Participant: 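Sharing a structure, written as structure tokens. Questions coming.
Small disclaimer: the values here were computed from a predicted structure and weren't measured. Remember, it's 1-based here, ligands and their atoms both numbered in the order they're listed.
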Amino acid sequence: MQFVGRTTLSKFVIENTRGQHSEMGALLIDVAAAVKTISALVGKGVLSGYVGGANVINVQGEEQKQIDVISNEAILRHCEWGGQLAGMASEELDEPYPIPEQFPRGRYLLVFDPLDGSSNSDVNVSVGTIFSILERDAPGNAATSDFLQPGRRQLAAGYAIYGPSTMLVLTLGKGTHGFTLDREGGNFLLTHPDIKVPESTREFAINASNERFWEPPVQRYVSECRAGKSDVRGADFNMRWIASMVAEVHRILMRGGIFMYPKDSKDPGKPGRLRLLYEASPMAMLIEQAGGMASTGRQRILDIAPDALHQRVPVLLGSKEEVERLERYHHEYDTGTDRPFESPLFKERSLFRS
Ligand code: F6P
Ligand code: MN
């Protein structure tokens, strides 16, 4: 009886989508059902039969695990039938998924990364599902171009984190709210209403093995954090790297911090690691709705107009003061104002060379 009377995810969604977007409310309840299926599978570990085992290479040129494939199937099957959707797009599918003939069509578009950070499932570390809902102008069959909308047009965005507990964190454009799965009761219960990211932080997250490939403004920022008290920051910083974006963003929503997957020169064909439509944009909306910021260093992530379904972007997100500082460092680098003034008269071949 202890949970009776608490706000369930279904109640929250129905109350907050009544009227214009009630169909989207029904869709979100199916997304939550898919998340419960994935949570149950991931929670069984190797006993599910899907964790570990052989891998194939997916459309992104990355390893696709059996658990990625089955999680993708779970979302497609749970969400295709309801009549709310014009199409779906997934990290695991090269092209958008058309709604099968036998089902009615709606005007919403669902995009998702079914199992983000899935290499972590082999080592029993948190993984997650990221999703976003966009709208098409009319019900029908969505084309790729329908999905290519800037993130500020998202109607809803969220993620599920499969950790020691399973949580679903959601925004419908009015704050960011966290729900915890009560496994026995089978309900997501509102446990973290109106999450706020602290504006200041002393914790950063980045894959530091890429340091030599970063641009100078990111190198400057990270070296100042590492120098801590002894340098311009005047305070020591802590570092974290889980290699699971969902877990990283969740930590930032809970206690602040900054997450960086910046542009690097490791693979010149890739202007970043993370995908705009189903990783960066939904996380950016959740972080902004919680009072944080999300930027490439040069542009607000939610303002980027996508030109491809699987487009990658640099991502710097989290506590406002730190993202602002990083944007300033990019600006100073781009305008040359981060370099001390050097008079040509004192250069190597100058008249005054000693
Ligand atoms: O999907 C991309 C992702 O797995 C993120 O979840 C994570 O933040 C990142 O890649 C990890 O990257 P790396 O392998 O460079 O640590
Ligand atoms: Mn991913």
Participant: My understanding is that only one of Val315, Thr296, Ile301, Asp307 makes a side chain to side chain contact (heavy atoms under 4.5 Å, CB included) with Leu276; could you say which?
Facilitator: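 Answer to the side chain to side chain contact (heavy atoms under 4.5 Å, CB included) test with Leu276 among Val315, Thr296, Ile301, Asp307: Ile301.
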Participant: Report yes if Asp113 has an N/O atom closer than 3.5 Å to an N/O atom of ligand 1; otherwise report no.
Facilitator: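 Looking only at distances, the answer is no, because the N/O contact criterion of under 3.5 Å is not met.
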Participant: Between the Mn ion (ligand 2) and Asp113, which N, O or S atom of the residue is the nearest one?
Facilitator: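 Considering only N, O and S atoms, Asp113 comes nearest to the Mn ion (ligand 2) through OD2.
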Participant: Would you check if the side chain of His192 reaches a backbone N or O of His177 as a donor-acceptor pair within less than 3.5 Å?
Facilitator: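 The answer is no, because no donor-acceptor pair under 3.5 Å joins these two groups.
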Participant: Tell me, with the steps shown, if Ser39 and Arg183 meet side-chain contact (heavy atoms from CB on, under 4.5 Å).
Facilitator: CA-CA 10 Å; Ser39 171; Arg183 292 186 206 272; 3.6 Å; yes
Participant: In the protein, which heavy atom is nearest to atom 16 (O) of ligand 1, and how far is it?
Facilitator: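 The closest heavy atom on the protein side is Trp241 NE1, 2.9 Å.
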Participant: If you take the centroid of each ring, where Trp contributes its six-membered ring, are Phe259 and Trp241 closer together than 6.0 Å?
Facilitator: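 Between Trp241 and Phe259, the centre distance is under 6.0 Å.
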Participant: For ligand 1, indicate whether the residue Ser244 contacts it via side chain, backbone, both or neither (heavy-atom separation under 4.0 Å).
Facilitator: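 Backbone only; the side chain of Ser244 stays clear of ligand 1.
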Participant: Check for a donor-acceptor pair, side chain of Thr171 on one end and backbone N or O of Ala157 on the other, with a separation under 3.5 Å.
Facilitator: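 Checking the backbone N and O of Ala157 against the side chain of Thr171, no donor-acceptor pair under 3.5 Å is found.
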Participant: Can you check the angle at the Mn ion (ligand 2) formed by OD1 of Asp116 and OE2 of Glu279? Round it to the nearest 10°.
Facilitator: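 The two atoms subtend 100° at the Mn ion (ligand 2).
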Participant: Indicate the atoms forming the closest heavy-atom contact of Gly158 with Leu286, along with that distance.
Facilitator: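 Minimum heavy-atom separation between Gly158 and Leu286: CA-CD1, 3.8 Å.
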Participant: For ligand 1, note which part of Ile242 has a heavy atom under 4.0 Å away: side chain, backbone, both or neither.
Facilitator: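 Neither part.
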Participant: Below 4.0 angstrom from a heavy atom of Glu279, which ligand 1 atoms are there? Numbered from 1 as shown, please.
Facilitator: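 Near Glu279, meaning under 4.0 Å from one of its heavy atoms, ligand 1 has 1 (O), 2 (C).
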Participant: Out of all atoms in ligand 1, which are within 4.0 Å of some heavy atom of Met245? Include the element for each.
Facilitator: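 This gives 5 (C), 6 (O), 7 (C), 8 (O) as the contact atoms.
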Participant: Going by the atom numbers of ligand 1, which of them fall below 4.0 Å from some non-hydrogen atom of Tyr261?
Facilitator: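 The list of qualifying atoms is 12 (O), 13 (P), 15 (O).
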Participant: Donor-acceptor pair, Glu92 side chain versus Ser71 backbone, under 3.5 Å?
Facilitator: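 Looks like no, no N/O pair under 3.5 Å.
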Participant: Of the backbone atoms (N, CA, C, O) and the side-chain heavy atoms from C-beta on, which set of Arg275 has a member under 4.0 Å from an atom of ligand 1: side chain, backbone, both, or neither?
Facilitator: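 Just the side chain.
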Participant: Identify the protein heavy atom lying closest to atom 10 (O) of ligand 1, giving its residue, its atom name and the separation to 0.1 Å.
Facilitator: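 That would be Arg273 NH2, 3.2 Å.
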Participant: Does His310 use its side chain to pair, donor to acceptor, with the backbone of Leu93 at less than 3.5 Å?
Facilitator: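 Present.
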Participant: For ligand 1 and Asp116, I'd like to know whether there is a polar contact (N/O to N/O, distance under 3.5 Å).
Facilitator: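 Between Asp116 and ligand 1, an N or O pair is found under 3.5 Å apart.
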